[in-house]
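Would you mind keeping the following structure in view while I ask a few things?
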Amino acid sequence: MAELVVPGVGWQESWLESMAEWGDVAQDGSGYHAELHDVQSAEGFAAWVRYLRERSDPRTPMRAGFVHATHWWIVEGDEYLGAITLRHSLTDKLLEGGGHIGYGVRPSARGRGLAAWALGEVVKHAREQGLERVLVSCDDANIASAKTIERNGGVLEDIRETWLGTTRRYWITT
């Protein structure tokens, strides 16, 4: 059974396998930025995991353009299946596209309802943090993600051109 866990170094091998499945596409919701993080070495992966964990602490200074966020990984045992992130606030850029919650499920684990389940769980966490509603966005062509958001109460505000491309923007009341 899948569970949401705090990122940990024990999933490095499985995370790297997932990265290979994604290819050149970024793993949505993972907090991974190729230009900032070396995940191939054990030391680099551990540093990245530490960074993900520290982002949830409001005392941790954030680099320009980044906000505090809580990261979870979707796992089954020792298999990494995906990631989901709750951003604690929005910049103007995140308000345009990206939103409070970002998520992604590795290609080999899709079609099992993992994204819908994880989004529902993280919406509960958002409520616990005092957020009355959260913005969740997806690519206009990503019908599966749009349905995932709608299944969790997402109300479409608009479809617009953003820094991400043509983006569907939904609000979910927590």
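All values below come from the heavy atoms of this structure, side chains included, with hydrogens, waters and symmetry mates left out.
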Next on the checklist: Please find the pair of heavy atoms, one from A116 and one from N152, that lie closest to each other, and give the distance.
Outcome noted: O-ND2, 3.1 Å
Checklist entry - Given S14 and E79, is the side-chain hydrogen bond (donor to acceptor under 3.5 Å, both in side chains) satisfied, shown in steps? => result CA-CA 6 Å; S14 185; E79 185 178 12; 5.4 Å; no
Checklist entry - Under 3.5 Å, side chain of S56 to main-chain N/O of E54, donor-acceptor pair present? => result no
Checklist entry - Would you call E3 and V75 a side-chain contact if the rule is heavy atoms closer than 4.5 Å? => result yes
Checklist entry - Is there a donor-acceptor pair closer than 3.5 Å between any side-chain N or O of R53 and the backbone N or O of P7? => result yes
Checklist entry - Do you reckon W11 sits in the same ILVMFWY cluster as Y51, going by side-chain contacts under 4.5 Å, direct or chained? => result yes
Item to check | Heavy-atom check, side chain of H100 versus side chain of V136, under 4.5 Å | outcome: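 Counting from C-beta outward, H100 and V136 never come under 4.5 Å.
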Item to check | Heavy-atom side-chain proximity of T173 to V155 below 4.5 angstrom | outcome: no
Checklist entry - Is there a side-chain contact between Q40 and F45 (heavy atoms, below 4.5 Å)? => result no
Checklist entry - Is there a donor-acceptor pair under 3.5 Å between the side chain of T60 and the backbone N or O of R55? => result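 No, the answer is negative, given that no donor and acceptor are paired below the 3.5 Å cut-off.
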Item to check | Nearest atoms (heavy-atom pairs only) where L164 meets S137 | outcome: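 Closest approach of L164 to S137: CD1-OG, 4.4 Å.
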Checklist entry - Do Q12 and V39 come within less than 4.5 Å of each other through their side chains, counting heavy atoms only? => result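 No, their side chains stay 4.5 Å or more apart.
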Next on the checklist: Test your reading of the model: is there a side-chain donor-acceptor pair from R106 to the backbone of M19, 3.5 Å cut-off?
Outcome noted: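 Judged by distance alone, no pair lies under 3.5 Å.
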Item to check | S108 vs E21, side-chain hydrogen bond (donor to acceptor under 3.5 Å, both in side chains): CA-CA, chis, key distance, verdict | outcome: CA-CA 8 Å; S108 63; E21 286 181 25; 2.9 Å; yes
Next on the checklist: Over 60° means perpendicular and under 30° means parallel, so tell me whether W73 and W48 are parallel, tilted or perpendicular.
Outcome noted: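 If you compare the ring of W73 with that of W48, the planes turn out tilted.
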Checklist entry - Counting distance only, does the side-chain N/O of T162 pair as donor-acceptor with the main-chain N or O of T167 below 3.5 Å? => result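 Not at all, since once roles are kept as given, no pair shorter than 3.5 Å links the two residues.
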Checklist entry - Does the pair E76/R112 count as a salt bridge with the N-to-O cut at 4.0 Å? => result yes
Checklist entry - Can R110 be said to sit on top of W22's aromatic six-ring, NZ or CZ under 6.0 Å from centre and within 45° of the ring axis? => result yes
Next on the checklist: Minimum heavy-atom separation for A46 and V9, please, with both atom names.
Outcome noted: CA-CG1, 3.7 Å
Checklist entry - Do you reckon I84 sits in the same ILVMFWY cluster as Y32, going by side-chain contacts under 4.5 Å, direct or chained? => result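 Not linked; separate clusters.
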Checklist entry - In chain order, what residues pass the salt bridge (Lys or Arg N to Asp or Glu O under 4.0 Å) check against E121, with sequence neighbours excluded? => result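 For E121, the residues satisfying salt bridge (Lys or Arg N to Asp or Glu O under 4.0 Å) (neighbours in sequence not counted) are K124.
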Item to check | Student check: side-chain heavy atoms of W117 and R151 closer than 4.5 Å | outcome: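 In short, these two side chains do not touch, never coming nearer than 4.5 Å.
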Item to check | Step-by-step side-chain hydrogen bond (donor to acceptor under 3.5 Å, both in side chains) determination, Y170 to E150 | outcome: CA-CA 8 Å; Y170 292 88; E150 291 166 0; 2.7 Å; yes
Item to check | Min side-chain heavy-atom separation D139-R168 under 4.5 Å | outcome: no
Next on the checklist: Just so I know, are the side chains of L95 and R169 near enough to count as touching, which here means a heavy-atom distance under 4.5 Å?
Outcome noted: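 Side chain of L95 against side chain of R169, heavy atoms only: contact under 4.5 Å found.
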Checklist entry - S145 and Y103: side-chain donor and acceptor closer than 3.5 Å? => result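 Yes, because at least one side-chain N or O of S145 sits under 3.5 Å from a partner of the opposite role on Y103.
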Checklist entry - At their closest point, which heavy atom of A83 faces which heavy atom of I74, and how far apart are they? => result N-CD1, 4.1 Å
Next on the checklist: Under the side chain to side chain contact (heavy atoms under 4.5 Å, CB included) test against V134, which residue among V122, I172, L119 passes?
Outcome noted: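 Single side chain to side chain contact (heavy atoms under 4.5 Å, CB included) partner of V134 among V122, I172, L119: I172.
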Next on the checklist: Is the ring pair H68/H88 parallel, tilted or perpendicular, if the boundaries are 30 and 60 degrees?
Outcome noted: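 Ring orientation, 0 to 90° scale: parallel.
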